Amino acid sequence: VSLETALAGALEGGPVLTDPALTASYETDWTGAFSGRARCVVSPATADAVGRVLRVCASYGVGVVVQGGNTGLVGGSVPGGGEVVLSTRKLCGLGPVDPVARQVTAGAGVPLAQVQRAARGAGLSYGIDFAARDSATIGGTVATNAGGVRVLAHGTTRAQVLGVEAVLADGSVLRRLGGLAKDATGYDLAALLTGSEGTLAVLTAVRLRLLPPDPPLQTALVGLAGLAEGLVVLSRVPDLHAAEVMDRAGVSLVCAVAGLAEPLPAVHPAYLLIEAPDLAALADLAGPGELDAVVAADGADRARLWAYRERHSEAIATRGVPVKLDVALPLAALPAFAAELPGVLAAGTRRVVFGHLGDGNLHVNLLGAAPSDADAVLRLVAACGGSIGAEHGVGRAKVSWLHLSRSPAEIAAMRAVKAALDPGGLLNPGVLLPT
Ligand SMILES: Cc1cc2nc3c(=O)[nH]c(=O)nc-3n(C[C@H](O)[C@H](O)[C@H](O)COP(=O)(O)OP(=O)(O)OC[C@H]3O[C@@H](n4cnc5c(N)ncnc54)[C@H](O)[C@@H]3O)c2cc1C
């Protein structure tokens with residue numbers, strides 16, 4: 001029988017999409033920069049069905065690409081060519097919030113925003129938030145160890161994961177959703193799968209930690225001469241919950257595309273959006289005339305200030321398909337990196353740089369990039385002691401630069417883990433580890 005027929009059997013008659021009109025949206029990522037043909041697209045609704053699908057694919061020797069919301073920015077969620085796309089959109093069950101343990105179990109395909117709403121409904125909050133919240137799935141956020149705008153206060157997704165249900169390449173199901181606060185019985189498999197980018201297992205559900213709601217926060221947008229001044233703000237304002245940086249090019253573009261007014265009376269080389277329970281220290285800095293800043297007066301004003309940051313990705317996308325390089329740097333190295341960046345880019349490449357300053361995480365977006373630009377930027381990052389992938393992962397986009405951030409011994413250990421859990425190289429071939 002054909003692979004497609006065998007898959008239909010594994011799905012107990014569920015659809016196996018092969019019509020290009022139906023598979024097209026699974027074959028190109030959010031940026032439009034990555035695309036590849038799928039052999040077919042399947043959407044199993046249970047962990048057991050995922051197991052049957054993987055066993056069929058293994059017996060036919062066909063690779064499987066796992067896809068959640070397809071908002072990942074490094075090409076990891078779309079086929080390289082000829083794989084089966086396993087969409088998690090039907091793994092969409094959301095359990096009840098346990099208000100005592102402060103936990104919830106979410107299917108891998110549940111959108112991030114739905115978990116946030118459920119937490120709010122129980123008087124709690126979820127520690128992860130970013131602009132793609134309506135489309136990005138919980139499985140995708142765990143597979144990429146997503147970060148976002150609350151990492152300063154609550155850590156990355158890794159810090160929210162208490163357990164997972166996942167299916168290995170041989171179809172066996174790992175189920176550990178008990179949410180025990182303490183469990184010292186060997187390897188932490190949930191932690192291993194967090195950030196594995198679909199190369200070790202298909203996550204089907206996740207037990208998540210919830211938090212008390214944040215205290216009331218004040219929000220301010222500050223004009224900066226450069227990143228060094230931003231670091232001064234970071235060091236002086238206590239208990240920051242967010243510290244988002246944007247360069248002038250990005251703020252200009254957002255104003256033009258979204259029809260927003262300039263955020264501050266004067267034009268600045270950079271801007272910092274900060275939130276903390278008390279911004280009195282900022283007033284002390286601004287008092288001597290050192291800083292130009294505006295503090296949000298109410299909720300609507302807060303949303304207005306956040307729009308300058310949150311509308312960056314869509315504004316950039318209106319100007320073409322950018323090369324997106326998400327990188328992390330030691331805080332002390334940020335000013336030197338920013339100073340050297342223009343010099344390593346080809347003449348004519350336009351750049352928009354924004355990101356999570358408190359985490360040393362910059363999103364370097366290049367428009368009209370030359371072929372040499374990505375290599376030059378990632379080598380500069382490595383020379384500054386940084387990481388070539390901060391929160392979107394390695395995907396297909398950065399596979400050939402993994403060695404800049406990981407030693408030969410580390411890559412060998414990662415390969416040994418991959419070979420042990422997925423000996424046939426079935427899951428996400430070509431993603432994360434060079435083939
Ligand atoms: C406007 C915008 C803003 C963003 N801001 C941020 C940000 O601030 N911080 C941040 O971290 N990211 C950000 N991202 C990137 C992206 O949203 C995250 O990486 C997100 O976690 C991806 O989730 P997804 O469901 O779309 O995953 P996909 O894009 O579908 O997949 C991403 C990777 O995870 C794997 N995967 C997905 N689901 C599973 C699963 N169930 N089991 C195993 N592997 C799986 C895929 O194979 C792929 O390798 C942003 C994206 C956009 C478009």
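All values reported here derive from a predicted model rather than from experimental measurement. Whatever order the structure lists ligands and atoms in, that order sets their numbers, starting from 1.
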- Task: Would you check ligand 1 and list the protein residues that come within less than 4.0 Å of it by any heavy atom, ordered by chain and number?
- Result: W30, V66, Q67, G68, G69, N70, T71, G72, L73, G76, S77, T88, A108, F130, A132, A136, T137, G139, G140, T141, A143, T144, A146, G147, G148, E197, G198, A201, V202, L203, S313, H356, E391, H392, N428
- Using a strict 4.0 Å threshold on nitrogen-to-oxygen distance, state whether D373 and R351 make a salt bridge. no
- Between E27 and R37, is there a salt bridge with N-O shorter than 4.0 Å? yes
- Thinking salt bridges, do R248 and E262 make one under a 4.0 Å N-O criterion? yes
- H392 vs H363 aromatic rings, parallel, tilted or perpendicular, using cut-offs 30° and 60°? parallel
- Item | Salt bridge R396-E197, side-chain N to carboxylate O under 4.0 Å | no
- Message: Could you check whether R207 pairs with E165 (Lys NZ or Arg NE/NH1/NH2 to Asp/Glu carboxylate O, under 4.0 Å)?
- Response: no
